[in-house]
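In what follows, a single structure is set out as structure tokens and then discussed.
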Amino acid sequence: MSEISKAYEPQSVESKWYQFWEDQGCFTADPARVSATRPAYSIVIPPPNVTGVLTMGHVLNNTIQDILARKARMDGKEVLWLPGTDHAGIATQNVVEKTLKKAGQIKHRDDLGREALVAKIWEWKETYGGIILKQLRALGASCDWTRTRFTMDPEYSRCVQKVFVDLYKKGLIYRGKRMVNWCPASLTALSDEEVVMKEQKGFMYHFRVEVVELPGTFLTIATTRPETIPADTAVAVNPNDPRYTHLVGKYVYRALPLDVPKEQRIIPIIADDHVTFDFGTGVLKVTPAHDKADFEIGLRHNLPVIDVLTPDGKLTAEAGADLAGLDRFVGRKRSAELLEAAGALDKAEPYTNNVGFSERADVPIEPRLSEQWFLKYPSVEASKACVAQPGSDAPAPMRFFPDRWAKVYDHWMGGIQDWCISRQLWWGHRIPVWYRDSEVYCGLETPAGDGWTQDPDVLDTWFSSWLWPFATMGWVDDQDADAKNATLKAFYPTTDLVTGPDIIFFWVARMIMAGYEYMGDLPFRNVYFTGIIRDKQGRKMSKSLGNSPDPLDLIAKYGADALRFGVMRAAPLGQDVLFDEQTVELGRNFCNKLWNACRFRQMITGEGTQSEAEINPALLTSDDRWVLLRLDQAIREVTQALAEYKFSDATTTLYRFFWNEYCDWYVEASKAVIYGSDEALKVNKVAVIDFVLGQLLRLFHPFLPFITEELWHGMGFAQDMPDNQGGKTLMFALWPKPLSDDEKEYFGLDDTADAVAQAKYDLVSLGRGLRRDCKIDPAKKIRFTVRPAGTLSPSDVEVLKMLLNAEALEVVDAAWTSERGTPVAVNALGELFLPLAGLIDLEAERARLTKELERVKIEVTKVQEKLANPAFAAKVPVKVLEEHQARLQEWQVKEAQIAASLANLAA
RNA sequence: GCGUGCUUAGCUCAGCGGUAGAGCACUUCCUUCACACGGAAGGGGUCGCAGGUUCGAACCCUGCAGCGCGCACCA
């Protein structure tokens with residue numbers, strides 16, 4: 001801290017210390033150090049997309065993980081925070097393909113072919129893949145970078161294949177032709193979780209079809225998708241619908257395509273319970289190829305399947321000459337026009353319905369019949385039972401924070417559906433299955449012999465992510481080897497997982513099942529779900545909206561500590577975060593205040609020196625005792641808040657203690673001693689300040705790692721510490737403990753030890769109020785008179801004088817009487833007079849006192865009424881009763897004193 | 001439809017059974033030697049609405065309304 005600048009300048013400080021920590025191996029976890037006295041703490045990072053860049057969501061998520069990790073280190077634990085990235089199949093392949101297309105290098109991925117494209121993606125990954133990990137360093141994340149993993153590392157890929165083969169052999173993975181969610185943009189199947197429902201404005205088309213056996217009789221059908229009419233293979237009615245029962249078993253002429261003779265467009269009228277009476281016209285067109293429910297109906301009634309859509313969502317020749325080749329949405333409009341032209345369209349009314357969208361590509365998915373690989377989830381029962389349910393006392397090994405997410409989890413686990421794990425992509429883990437004629441081989445290596453071809457599909461990205469907690473720790477699915485794996489032994493199961501509730505199903509639930517299946521144990525003990533970062537208007541932050549600030553810009557502008565503090569302050573447990581740059585500004589201001597508070601301390605005795613003296617209890621002033629008790633309280637609150645993952649509570653406490661209590665009152669009061677002439681008191685004051693600041697820096701460190709480290713060293717705190725307890729870095733200093741009973745006794749801190757100072761500060765505020773009410777320039781030194789209720793120590797008098805900015809403070813006894821109309825403020829400490837010697841505006845003073853009296857009377861009445869209620873005294877706990885009685889007395893004393901002043905004024 | 005969360009000062013949110021709080025914004029004043037990224041003093045709320053439980057409700061219960069999220073969905 002040489003050359004102490006007036007304002008904190010984070011940039012150089014941050015890079016310096018990060019480099020130091022990393023060079024010194026401070027983040028590196030060593031399983032060999034784990035012991036009974038040094039327990040393990042571990043956390044695996046939710047791996048960001050390898051091509052991603054840091055977002056505000058990452059900032060929130062990783063700051064929390066860093067706080068937990070740093071706190072655990074200060075608790076003396078051996079900490080592993082394991083970082084890495086995810087290959088993110090669709091997202092990454094899309095990014096690279098798009099870039100290549102933009103650069104004009106390809107028009108379609110087939111131009112390159114599988115191997116060349118995958119090579120390009122690897123190239124891309126090597127170039128840009130590390131960006132987000134570098135950005136995490138700028139945030140201060142204390143990850144063990146020596147263990148950085150990627151879901152397509154060779155060892156990791158091996159794990160994925162082994163798991164596939166194992167589950168295949170267990171009969172849990174199977175291949176089948178099913179209706180799946182097809183993404184016409186990415187040209188791949190998706191899992192149900194990758195489909196999001198969105199409201200879509202469109203039209204409900206009502207069109208007529210003629211009954212073959214009853215010419216001139218028509219059925220009206222309502223549909224939102226007329227382009228699929230050529231794929232209809234039946235129309236269905238409810239078997240109990242009296243309007244239509246007589247028609248069941250007859251036939252209709254399908255409305256499209258028109259270029260096919262109507263004799264070739266005859267489809268049956270069938271009865272099926274799926275059809276509801278009161279929706280639309282009660283007649284359903286059945287399109288087995290393009291609707292999940294219709295497909296089921298088709299199975300029940302043995303209907304043929306006509307597919308009129310290509311994989312990329314265009315209409316085929318089977319849709320008729322008028323529609324062939326058209327995009328599905330163009331085809332929709334066109335087919336409506338065709339119906340209208342044929343006189344078959346009754347009406348088209350505006351209609352809003354929910355449509356499934358591909359989460360990634362943001363286009364409507366198509367239900368599509370195709371051959372895919374599916375997984376029947378393993379270890380479902382154990383996984384379902386392991387999470388503590390809210391309100392239940394049943395012991396459970398895993399807890400969710402907030403616990404309401406456990407219900408969501410439970411619900412999903414209860415209705416769990418097989419997982420479509422194959423993707424028609426090139427970037428990812430290739431399915432380890434080979435075919436030769438009708439032979440199928442599943443194994444880790446290409447089977448011997450000629451003529452085998454490997455399945456072209458890759459696995460869903462989450463099929464690798466779900467192994468993350470143990471695959472990253474070197475698990476190889478070999479009993480002997482895994483038993484000898486020191487990392488797994490020490491750090492699995494992990495302690496905490498920090499992630500967003502939006503991936504409970506995608507990731508959290510699947511990790512739990514994989515953990516039980518392959519490690520025989522849960523993957524983590526606590527799951528903390530963050531909120532979602534939104535902008536001031538409550539909109540989710542997204543690239544497309546452009547409402548997401550670049551965290552790196554914020555770090556450059558305000559510092560990483562400021563960003564961390566601001567975000568933590570704004571992020572209460574389980575609530576979404578409405579982000580506003582102002583909160584980062586507040587963090588910046590806070591760091592600056594901390595910097596200057598330390599600068600003030602340094603100015604007393606010079607830089608980098610700690611006071612030699614121990615705190616001498618005999619020389620403690622009421623202010624010292626007050627601040628020690630407030631510190632004690634802050635330590636309790638912050639420790640408790642962190643244990644409950646209440647990060648915004650912790651920052652609130654830190655803010656209050658440091659700014660409102662330490663700076664605003666204690667430091668200001670201490671100036672009476674520091675600028676005074678009593679050397680012994682001064683030495684003791686510095687000792688107290690150093691003690692408080694030393695504890696404070698520790699409390700702040702998990703939140704503000706950079707500035708606290710800088711100050712820790714700059715102020716010389718590191719000098720006297722053993723290397724492993726803060727001598728080298730604040731990272732390993734011990735987390736502050738609340739004062740023990742012995743310490744409290746030693747310092748003379750009983751529960752009321754802070755009362756004098758508290759009353760003193762209250763009286764100062766009242767005195768300042770008097771000044772203002774009397775319109776006296778705050779800068780003007782004036783005289784005050786105090787008549788203490790009890791006794792006041794000389795130091796208390798000095799502090800009062802200092803804080804009131806008084807020229808002099810005269811202490812008088814009960815015999816003293818003030819001049820008529822002298823403004824006075826009263827509290828438990830005594831009466832504070834502002835003698836104005838003839839300058840008093842009697843009218844104004846009367847008005848002031850009258851107003852004050854009214855206010856006090858209201859309070860008196862309020863308490864009196866409560867106490868007057870006979871039921872109150874009878875039922876209320878003694879403590880509350882006493883509290884009310886004491887409060888009444890306080891207000892009444894005040895009332896009497898104000899009344900006396902008013903009387904004095906009138907006399 | 002089922003589930004879940006929110007509704008407290010102009011804004012963003014704490015508080016979750018015993019005197020309504022913070023930060024920002026606002027008003028007035030202050031560049032006094034830690035900090036104007038600062039200091040002092042203020043103004044501002046019948047805690048969404050209606051019932052109920054209780055000596056006492058922002059807090060617990062019931063209902064209603066508005067907003068959000070998740071799941072399931074009828075063409």
Side-chain angles (χ1 to χ4, degrees), chain A residues 4 6-8 196-197 204-205 221-225 228 235-236 274-287 291 293-294 353-354 402 404-405 407-408 411-412 415 501-502 504-505 532 534 536 538 540 558 562 566 569-572 574-580 582-583 585-604 646 648-649 652 655-656 659-660 663-664 667-668 671 675 764-765 768-773 775-779 781 803 805 859 862-863 866-867 869-877 879-881 883-884 887 890-891:
Chain A
I4 315 175
K6 208 168 162 182
Y8 173 57
V196 289
M197 301 308 279
M204 180 67 86
Y205 301 92
I221 303 174
T223 182
T224 54
R225 301 202 62 185
T228 63
V235 298
H274 173 76
V275 184
T276 45
F277 288 47
D278 52 0
F279 190 88
T281 58
V283 185
L284 172 69
K285 70 193 247 336
V286 182
T287 324
D291 185 281
D294 289 6
N353 65 341
N354 283 328
R404 63 188 152 85
W405 293 113
K407 284 186 80 170
V408 176
H411 182 250
W412 187 77
D502 48 334
I504 288 184
F505 314 138
I532 292 164
R534 299 174 181 282
K536 271 197 280 187
K540 206 167 164 175
Y558 300 104
R569 208 182 140 278
Q575 295 303 131
D576 286 353
V577 184
L578 265 65
F579 180 78
D580 183 339
Q582 268 185 353
T583 193
E585 201 175 320
L586 177 98
R588 189 264 320 259
N589 296 354
F590 190 80
C591 291
N592 192 56
K593 187 79 175 176
L594 180 59
W595 181 259
N596 275 289
C598 292
R599 203 159 74 97
F600 173 72
R601 157 62 187 88
Q602 295 304 78
M603 284 176 173
I604 304 170
K646 292 180 175 171
S648 62
D649 286 13
T652 302
Y655 191 100
R656 185 202 68 221
W659 202 310
N660 303 133
C663 289
D664 289 350
V667 170
E668 292 308 318
K671 287 177 180 173
Y675 297 145
V764 167
S765 290
R768 288 168 176 167
L770 285 184
R771 276 182 96 119
R772 171 191 156 103
D773 292 339
K775 301 191 168 47
I776 296 164
D777 184 344
K781 295 247 176 199
L803 296 179
N805 193 23
E859 294 299 332
K862 251 162 87 177
V863 187
K866 263 191 162 181
L867 286 167
N869 184 344
F872 180 79
K875 296 197 178 177
V876 90
K879 206 182 131 207
V880 177
L881 184 64
E883 247 173 50
H884 279 75
R887 197 191 309 157
E890 251 175 64
W891 285 119

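Residue numbering restarts at 1 for every chain, and letters A, B, ... go by the order of the sequence lines. The structure presented is a predicted model; accordingly, all values stated were derived computationally and were not measured.
Panel note: side chain A:Asn596, backbone A:Ala7; no donor-acceptor pair is recorded below 3.5 Å. Listed for the A:Arg768 side chain is a donor-acceptor partner under 3.5 Å among the backbone atoms of A:Leu803.
Rounded to a whole angstrom, the distance from the C1' atom of B:C13 to that of B:G45 is 14 Å. Comparing B:A58 with B:U53, their P atoms sit 16 Å apart, to the nearest whole Å. Taking atom C1' in both B:G15 and B:C74, the straight-line distance is 46 Å, to the nearest Å. Taking atom C1' on both nucleotides, B:G66 is separated from B:C60 by 23 Å, rounded to a whole Å. As rounded to the nearest Å, B:G17 and B:G1 have C1' atoms that lie 35 Å from one another. The gap from the C1' atom of B:G21 to that of B:A9 amounts to 10 Å, rounded to the nearest Å. B:G23 sits 11 Å from B:A40 when the P atoms are compared, rounded to a whole Å. Between B:C33 and B:G39, the two C1' atoms lie 14 Å apart (nearest whole Å).
Taking atom CZ of A:Arg772 as the reference point, atom P of B:U28 lies 11 Å away to the nearest angstrom. Spacing between atom CG of A:Asp664 and atom P of B:A34 amounts to 15 Å, rounded to whole angstrom units. Atom CG of A:Asn592 and atom C1' of B:G38 are 9 Å apart (whole Å). When rounded to the nearest whole Å, the span between CZ of A:Arg656 and P of B:G15 equals 14 Å. Taking atom CD of A:Gln582 as the reference point, atom C1' of B:G23 lies 9 Å away to the nearest angstrom. Rounded to an integer number of Å, the gap from CZ of A:Arg771 to C1' of B:C29 is 11 Å. To the nearest angstrom, P of B:U32 lies 12 Å from CG of A:Asn805. For the pair A:Met197 CE and B:G1 C1', the computed distance is 14 Å after rounding to whole Å.
Within the nucleic acid shown, A:Val275 comes within 4.0 Å of at least one base atom, counting heavy atoms only. Heavy atoms of A:Lys671 sit under 4.0 angstrom from at least one base atom. Within 4.0 Å of A:Pro877, counting heavy atoms only, lies at least one base atom of the nucleic acid. Residue A:Tyr675 is classed as a sugar-phosphate contact, given heavy-atom separations below 4.0 Å to backbone atoms only. Looking at heavy-atom distances under 4.0 Å, A:Thr276 makes contact with a base. Residue contacts shown for A:Leu284 include a base, since a base heavy atom lies under 4.0 Å away.
A cation-pi arrangement is absent between A:Lys593 and A:Tyr655, since the terminal nitrogen or guanidinium carbon is not both under 6.0 Å from the aromatic centre and inside a 45° cone about the axis.
Within the 4.5 Å cutoff, the side chain of A:Lys866 has no heavy atoms near those of the A:Val876 side chain. You'll find the side chain of A:Arg599 reaches within 4.5 Å of the side chain of A:Met603, heavy atoms only. At least one side-chain heavy atom of A:Lys285 sits under 4.5 Å from a side-chain heavy atom of A:Thr228. Looking only at side-chain heavy atoms (C-beta outward), A:Ile504 and A:Trp405 come within less than 4.5 Å of each other. For the pair A:Leu881/A:Leu867, a side-chain contact is recorded, criterion being any heavy-atom separation below 4.5 Å from C-beta on. In this structure, A:His884 and A:Phe872 have side chains that are in contact, with non-hydrogen atoms separated by less than 4.5 Å.
Rounded to the nearest 0.5 Å, atoms SG (A:Cys663) and CZ (A:Phe600) are 10.0 Å apart.
Side-chain N/O atoms of A:Arg768 include one lying less than 4.0 angstrom from OP1 or OP2 on B:A41. Taking 4.0 angstrom as the limit, A:Asn589 places a side-chain polar atom (N or O) nearer than this to OP1 or OP2 of B:G38. Contact between the side-chain N/O atoms of A:Trp405 and the OP1/OP2 oxygens of B:C69 is not found at any separation under 4.0 Å. Using a 4.0 Å cut-off, no side-chain N or O of A:Tyr655 falls inside it from OP1 or OP2 of B:C13. An OP1 or OP2 oxygen of B:U4 is reached within less than 4.0 angstrom by a side-chain nitrogen or oxygen of A:Lys407. Within the structure, every side-chain polar atom (N or O) of A:Ser765 is placed at least 4.0 Å from both OP1 and OP2 of B:A40. An OP1 or OP2 oxygen of B:U4 is reached within less than 4.0 angstrom by no side-chain nitrogen or oxygen of A:Arg404.
Closest-nucleotide positions on RNA chain B for A:Thr652 and A:Asn353 were compared, and the one nearer the 5' end corresponds to A:Thr652. Nearest-nucleotide mapping onto RNA chain B: of A:Arg588 and A:Lys862, the residue sitting toward the 5' end is A:Lys862.
No hydrogens or angles were tested; on distance alone, a donor-acceptor pair under 3.5 Å links the side chain of A:Lys593 to the base of B:C35. For B:C73, its base sits under 3.5 Å from the side chain of A:Asn354 at one donor and acceptor pair at least. A donor N or O paired with an acceptor N or O is not found under 3.5 Å between the base of B:C35 and the side-chain atoms of A:Arg599. In the interface, the side chain of A:Glu668 is not paired with the base of B:A40 through any donor and acceptor atom under 3.5 Å apart.
Of the listed nucleotides (B:A75, B:C24, B:G38), B:G38 has the atom at the smallest distance from the side chain of A:Trp659. In this structure, the nucleotide among B:U19, B:A75, B:A34 sitting nearest to the side chain of A:Phe279 is B:A75. Distance from the side chain of A:Glu859 is smallest for B:U19 among the nucleotides B:G70, B:U19, B:A34. Comparing B:A75, B:C35, B:C24 by their nearest atom to the side chain of A:Leu586 picks out B:C24.
Checked against A:Leu284 for a side-chain contact (heavy atoms from CB on, under 4.5 Å), the options A:Ile221, A:Asp294, A:Val235, A:Thr223 give a single hit: A:Asp294.
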Would you write out the dot-bracket form of RNA chain B, 5' to 3', with Watson-Crick and G-U pairs under 3.5 Å, [ ] for crossing pairs, | for pairs to other strands and . for unpaired bases? ((((((((.[[[[.)..(..]]]].(((((.......))))).....[[[[[..)....]]]]])))))))....

